[in-house]
Amino acid sequence: MRKPGLGTFLLLCLSLIPAGCATTPTEAPVVRVRILADQDRLTLAATTPPAVKSAQDPNWVRIGLPSTGGAILTRSATGWQIGNASFNDGELLLQPAIPGSLSVNGSAYRGRYRLVPTSANRFDVINDVDVDSYLMSVVSSEMPRDWHPEAYKAQAIVARTYALYEVHAGPAGRSFDLHDDQRSQVYGGISAETARSRSSVEETSGIVVAFGPRGNEKIFKAYFSSCCGGVGQSAYDAFGDPDIPPLRAKRVGALCSASPRFNWTISMTKADLTRRIREWGASHKRPEKDMGMLRSIDISGISREGRPVRFVLSDARGIQYALNGEELRSAINAAANGGPLLSSDFYRPVATPDAIQFADGHGWGHAVGMCQWCAQAMALKGEPHEQIVRFSYPGAVLVRAY
């Protein structure tokens with residue numbers, strides 16, 4: 001769950017009721033998760049025949065599929081082919097007979113599958129699933145599996161809020177709401193679920209975190225990351241989001257010091273850094289794409305809480321480039337296999353002739369909103385999940401969305 005949104009506030013198109021109030025239960029909203037992008041073929045396997053139909057077909061057809069090995073699905077100019085079965089073109093819907101009975105490329109998901117054409121013979125695979133079923137996989141994918149149940153419940157509330165925000169804030173016309181990785185939230189399907197993740201979602205079902213005048217609270221983009229390193233970052237400094245109290249920076253001291261990434265120091269060669277930053281600049285159409293050999297990285301702005309938030313990069317020609325902390329972290333980690341810069345919270349970038357050492361580094365991630373290691377520490381001290389969420393988003397309240 002990582003990218004900035006279209007703004008921090010969003011009013012849910014659902015009733016927001018104070019948590020704990022008696023209500024008539026309603027169904028959990030559906031979220032649309034893209035689990036595979038731009039495919040030209042899939043392998044489908046099923047223990048029970050699924051129902052299939054094209055958007056152009058009037059009726060569902062139940063087809064038998066191998067339970068092991070699978071059948072190949074492809075798309076051509078004339079439509080879809082699943083083994084020997086043919087379907088008209090357009091979106092293709094696959095409805096499992098029972099949850100988990102139909103797998104796509106070896107992975108099974110709750111809900112149904114929707115195949116959306118993207119070009120002549122290619123397509124995306126979207127999983128349309130109710131938000132609570134989605135969260136059963138997200139919570140255990142985003143937190144270590146042996147963590148405290150109260151930390152898990154806090155994560156379920158936060159991840160639910162984030163997902164519902166994305167449903168309503170996403171660009172019009174897009175066929176999906178969420179990615180299945182850190183661009184949104186990590187989602188691994190049924191195999192990623194645990195008993196603890198399922199119970200945490202069930203016990204907090206419908207609860208979200210919101211902010212605003214009493215009776216007019218609105219959900220916001222409930223960011224979270226692994227370890228804040230003692231000093232959180234505001235959504236404004238990190239992503240340019242509007243400045244609201246729940247997403248402001250905060251100082252927590254050593255609360256998350258149990259994290260193995262609370263303190264760190266790394267060193268990277270200037271050649272490697274230059275390559276990565278140029279690659280990031282090219283993909284974002286920024287002037288860094290033409291940067292000369294990197295000479296130095298200097299801190300140019302610090303938040304009121306003492307966290308570096310602005311940086312200046314100088315190349316061998318003397319040209320300077322200004323980046324905020326998250327831009328710098330993204331640029332340095334731009335390589336295909338990721339990168340080692342855990343956060344932008346480092347205080348002594350020391351340049352040598354061939355390398356730069358990022359000294360006195362702290363935390364892992366953007367440090368906006370809930371720090372997961374802080375949540376675990378609070379849970380171990382006996383704090384309930386409600387208090388963990390309120391601590392993570394000062395001034396916010398827990399409300400029922402459905």
Side-chain angles (χ1 to χ4, degrees), residues 1-3 5 10 12-14 25-37 50 93-96 98-116 124-145 147 149 151-170 174-210 219-224 369-370 372 385 389 400-402:
M1 176 272 328
R2 304 296 180 250
K3 58 188 175 55
L10 184 74
L12 264 178
C13 298
L14 299 164
T26 59
E27 291 186 359
V30 169
V31 296
R32 306 172 303 165
V33 190
R34 186 170 70 174
I35 55 175
L36 292 166
L93 305 177
L94 293 82
Q95 180 67 56
I98 56 175
S101 62
L102 174 63
S103 67
V104 175
N105 285 1
S107 296
Y109 299 81
R110 298 179 185 273
R112 74 176 185 182
Y113 305 90
R114 181 164 45 90
L115 280 53
V116 180
D124 288 346
V125 182
I126 314 299
N127 180 206
D128 297 334
V129 59
D130 75 83
V131 68
D132 281 355
S133 295
Y134 162 74
L135 292 172
M136 290 176 183
S137 166
V138 168
V139 173
S140 49
S141 298
E142 288 282 3
M143 269 191 168
R145 296 193 173 197
W147 274 20
Y152 258 54
K153 292 174 192 175
Q155 181 67 69
I157 291 171
V158 171
R160 179 180 294 110
T161 306
Y162 182 93
L164 293 179
Y165 181 96
E166 289 291 82
V167 168
H168 292 271
R174 193 167 73 170
S175 62
F176 66 97
D177 307 308
L178 298 154
H179 298 277
D180 67 345
D181 55 27
Q182 289 187 351
R183 287 172 291 179
S184 297
Q185 303 180 120
V186 180
Y187 174 55
I190 293 175
S191 65
E193 297 176 9
T194 66
R196 183 165 297 180
S197 69
R198 288 190 289 268
S199 65
S200 70
V201 172
E202 291 166 353
E203 292 176 33
T204 64
S205 182
I207 304 300
V208 296
V209 60
I219 64 168
F220 53 89
K221 195 158 189 178
Y223 293 102
F224 61 90
M370 188 178 79
Q372 293 171 314
H385 64 276
V389 175
R400 183 175 295 281
Y402 54 88

### With Asp124, the salt bridge (Lys or Arg N to Asp or Glu O under 4.0 Å) member among Arg174, Arg34, Arg32
Arg34
### Summary
Here the gap from Glu166 atom CD to Phe176 atom CZ, rounded to the nearest 0.5 Å, amounts to 10.0 Å
#### Entry: Distance, nearest 0.5 Å, that separates CD1 of Ile157 from CE of Met370
9.5 Å
### Query
So, for Pro96 and Gly111, which heavy atoms are closest and what is the spacing to 0.1 Å?
CD-O, 3.3 Å
### Message
Using side chain to side chain contact (heavy atoms under 4.5 Å, CB included), reason through His385 and Glu203 one step at a time and then give a plain yes or no.
### Response
CA-CA 11 Å; His385 64 276; Glu203 292 176 33; over 6 Å; no
### Task
For side chain to side chain contact (heavy atoms under 4.5 Å, CB included), just list the numbers for Tyr152 and Arg145, CA-CA rounded to whole Å, side-chain angles, deciding distance to a tenth of an Å, and then say yes or no.
CA-CA 9 Å; Tyr152 258 54; Arg145 296 193 173 197; 4.1 Å; yes
### Task
Kindly give the heavy-atom pair with the smallest separation between Tyr162 and Lys221, and that separation in Å.
CE1-CE, 3.4 Å
### Query
Tell me, do Gln155 and Trp147 make a side-chain contact under 4.5 Å, heavy atoms counted?
no
### Task
Return the orientation label for the Tyr187 and Tyr134 ring planes: parallel under 30°, perpendicular over 60°, tilted otherwise.
tilted
#### Entry: Gln95 side chain reached by Pro50 side chain, heavy atoms, under 4.5 Å
no
### Query
Looking at side-chain heavy atoms only, is the closest gap between Ile126 and Ser175 below 4.5 Å?
yes
#### Entry: Under the salt bridge (Lys or Arg N to Asp or Glu O under 4.0 Å) test, residues paired with Asp132 that sit two or more places apart
Arg160
### Message
Quick check: do Tyr223 and Val158 have side-chain heavy atoms less than 4.5 Å from each other?
### Response
no
### Task
Classify the side-chain pair Gln185/Glu142 by whether it contains a donor and acceptor separated by less than 3.5 Å.
no
### Query
Would you say the side chain of Tyr109 lies within less than 4.5 Å of the side chain of Ser133, judging by non-hydrogen atoms?
no
### Task
For Ala192 and Ser141, work out which heavy atoms get closest and say how close.
CB-OG, 3.6 Å
### Task
Evaluate the side-chain proximity of Arg196 to Ser140: yes if any heavy-atom separation is below 4.5 Å, no if none is.
no
### Message
Using the side chain to side chain contact (heavy atoms under 4.5 Å, CB included) definition, which of the options Ile35, Val31, Val131 pairs with Leu178?
### Response
Val31
### Task
List the atom of Gly106, the atom of Ser103, and the distance in Å for their closest heavy-atom pair.
C-CB, 4.1 Å
### Query
Listed by chain and number, what are the salt bridge (Lys or Arg N to Asp or Glu O under 4.0 Å) partners of Arg114, not counting sequence neighbours?
Glu91, Asp128
### Query
Is there a side chain to side chain contact (heavy atoms under 4.5 Å, CB included) between Leu93 and Arg112 once you walk through the steps?
CA-CA 7 Å; Leu93 305 177; Arg112 74 176 185 182; 3.6 Å; yes
### Summary
Interatomic distance, CE@Met136 vs OG@Ser197, rounded to 0.5 Å, equals 7.5 Å
### Task
Check salt bridge (Lys or Arg N to Asp or Glu O under 4.0 Å) between Glu202 and all other residues, then give those that pass, not counting sequence neighbours.
none
### Task
Enter the distance from Ile190:CD1 to Ser101:OG here, rounded to the nearest 0.5 Å.
8.5 Å
### Query
Once you round to the nearest 0.5 Å, how far does CG of Asn127 lie from CG of Asp180?
9.5 Å
#### Entry: Ser205 side, atom OG; Ile207 side, atom CD1 - distance, nearest 0.5 Å
8.0 Å
